[in-house]
Visitor: 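One structure, pasted below without further comment.
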Amino acid sequence: MRRRPGQPGRRNDDEMTRMPKYTIGIVSQLLNLPPQVLRRYEEAGLLEPARQSGKNRLYSDYDISILEEIVELSNEGINANGIRYILQMRQEIYILRRQVTEARENQDGTPPSTDR
DNA sequence: CTTCTAACA
DNA sequence: TGTTAGGA
């Protein structure tokens, strides 16, 4: 029974990583990207930052990590459509990985912790 | 001063 | 992608 801190509430909504904190200006400086680019990434469906008061974008650490991914892929010459595709696959893999882990845990044998 | 959308080059 | 107009 090790490795099971979260039962109350929801599934492991890990850390406060999804907490909206940074305004577009901050993120812009943080990643050295003009605000327009950040808005366009959202427009292209690459991420969905939260909004404050319905208007202003608020990015979370999670959003930042996605943006870092986007920057890399973009630098490799992949366009928005390609990046969206890759990002979606990433998500799929993440979900499937979780399901695999759950499936293992539901097996009575309780296998050796061979994560990843 | 910061951010927002829309639009044009 | 850069920039600008026009409003909040």
Side-chain angles (χ1 to χ4, degrees):
Chain A
M1 274 151 207
R2 110 183 49 143
R3 223 198 228 277
R4 205 118 211 198
Q7 242 182 26
R10 262 181 189 271
R11 295 142 193 110
N12 275 342
D13 256 36
D14 291 346
E15 317 305 317
M16 2 161 276
T17 231
R18 290 171 185 280
M19 263 223 281
K21 314 178 195 179
Y22 318 100
T23 62
I24 198 171
I26 304 293
V27 179
S28 174
Q29 241 185 289
L30 231 49
L31 300 176
N32 291 303
L33 292 176
Q36 296 91 328
V37 169
L38 296 176
R39 299 194 184 99
R40 280 163 177 160
Y41 283 161
E42 176 181 11
E43 191 179 14
L46 303 187
L47 48 34
E48 289 187 356
R51 295 290 184 128
Q52 185 175 57
S53 311
K55 266 281 180 179
N56 295 20
R57 274 164 262 251
L58 275 191
Y59 296 82
S60 64
D61 285 319
Y62 175 66
D63 291 323
I64 301 282
S65 69
I66 292 179
L67 284 171
E68 288 171 341
E69 277 293 307
I70 294 174
V71 170
E72 281 182 40
L73 296 172
S74 186
N75 287 333
E76 286 174 40
I78 303 172
N79 63 28
N81 293 302
I83 295 176
R84 191 185 312 121
Y85 194 89
I86 293 172
L87 255 31
Q88 287 175 358
M89 289 187 94
R90 258 220 144 189
Q91 227 183 101
E92 281 296 308
I93 293 174
Y94 178 74
I95 293 172
L96 292 175
R97 215 178 243 169
R98 282 183 63 160
Q99 294 181 344
V100 169
T101 300
E102 284 177 29
R104 280 179 180 158
E105 290 177 348
N106 286 336
Q107 260 179 345
D108 282 356
T110 303
S113 40
T114 311
D115 292 41
R116 194 173 296 155

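All chains are named by letter (A, B, ...) in the order of the sequence lines, taking the proteins before the strands, and each is independently numbered beginning at 1. The structure presented is a predicted model; accordingly, all values stated were derived computationally and were not measured.
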Visitor: Between A/Ile24 (CD1) and B/dT3 (C1'), how many Å, whole number?
Guide: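 Rounded to whole Å, this separation is 7 Å.
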Visitor: When you measure from the side-chain N and O atoms of A/Thr23 to the phosphate of B/dT2, is any distance below 4.0 Å, counting only OP1 and OP2?
Guide: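 Checking A/Thr23 against B/dT2: no side-chain N or O falls below 4.0 Å of OP1 or OP2.
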Visitor: For A/Gln29 and B/dC1, give me the distance from atom CD to atom P, rounded to whole Å.
Guide: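 Interatomic distance, CD of A/Gln29 to P of B/dC1: 15 Å.
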Visitor: Show me the dot-bracket string of DNA chain C, counting Watson-Crick or G-U pairs under 3.5 Å, with | for pairs to another strand and [ ] for crossing ones.
Guide: .|||||.|
Visitor: So, do A/Pro20 and A/Gln52 sit near enough that their side-chain heavy atoms are less than 4.5 Å apart?
Guide: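 No; the side chains remain at least 4.5 Å from each other.
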Visitor: Round to a whole Å and report the spacing from CG of A/Leu38 to C1' of C/dT1.
Guide: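 The distance from CG of A/Leu38 to C1' of C/dT1 comes to 13 Å, rounded to the nearest Å.
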Visitor: Any side-chain heavy atom of A/Ile24 sitting closer than 4.5 Å to one from A/Asn56?
Guide: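 Result no, sub-4.5 Å side-chain heavy-atom pair not found.
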Visitor: Are the side chains of A/Arg84 and A/Gln88 in contact, using a 4.5 Å heavy-atom criterion?
Guide: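 SC-SC contact between A/Gln88 and A/Arg84 confirmed.
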Visitor: For a quick check of understanding: with a heavy-atom distance under 4.0 Å over all strands, which category does A/Pro35 fall into, base, sugar-phosphate or nothing?
Guide: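 The answer is nothing, as A/Pro35 stays clear of every strand by at least 4.0 Å.
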Visitor: Could you grab the distance from atom CD of A/Glu72 to atom CD1 of A/Ile78, nearest 0.5 Å is fine?
Guide: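 Nearest 0.5 Å value for the CD-CD1 distance: 10.0 Å.
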Visitor: Would you mind reading off the distance between A/Arg51 atom CZ and B/dT2 atom P, rounded to a whole angstrom?
Guide: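 Atom-to-atom, A/Arg51 to B/dT2, this comes out as 19 Å.
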Visitor: Is A/Met19 linked to A/Tyr62 within one hydrophobic cluster, defined over Ile, Leu, Val, Met, Phe, Trp and Tyr using a side-chain heavy-atom separation of less than 4.5 Å?
Guide: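 No, A/Met19 and A/Tyr62 fall in different hydrophobic clusters.
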Visitor: Whole angstroms only, please: what is the CD-C1' distance between A/Glu43 and B/dC4?
Guide: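 Rounded to the whole Å, the gap is 12 Å.
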Visitor: To the nearest Å, give me how far apart CG (A/Leu58) and P (B/dT2) are.
Guide: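 These atoms are roughly 16 Å apart.
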Visitor: Would you please test A/Leu47 and A/Leu67 for side-chain contact (heavy atoms from CB on, under 4.5 Å) and show each step?
Guide: CA-CA 8 Å; A/Leu47 48 34; A/Leu67 284 171; 3.6 Å; yes
Visitor: Rounding to an integer number of Å, can you tell me how far A/Gln52 CD sits from B/dT2 P?
Guide: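 After rounding, the gap between these two atoms is 16 Å.
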Visitor: Between P on C/dT1 and CG on A/Leu31, what's the gap in Å once rounded to a whole number?
Guide: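 My rounded result for the distance is 13 Å.
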Visitor: Measuring from A/Thr17:OG1 to A/Asp61:CG, what's the distance to the nearest 0.5 Å?
Guide: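 A/Thr17 OG1 to A/Asp61 CG: 5.0 Å, rounded to 0.5 Å.
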Visitor: Taking only N/O atoms, report every protein-nucleotides 3-8 of chain C pair under 3.5 Å with atom names and distance.
Guide:
unit_1: C/dT3; atom_1: O4; unit_2: A/Arg40; atom_2: NH2; d: 3.1

Visitor: Are A/Val71 and A/Ser74 side-chain neighbours, meaning at least one heavy-atom pair lies under 4.5 Å?
Guide: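 Counting from C-beta outward, A/Val71 and A/Ser74 never come under 4.5 Å.
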Visitor: Could you go through residues 29-41 of chain A and list every donor-acceptor pair under 3.5 Å that involves a side-chain atom there, pairing it with any protein atom two or more places apart or in another chain?
Guide:
none

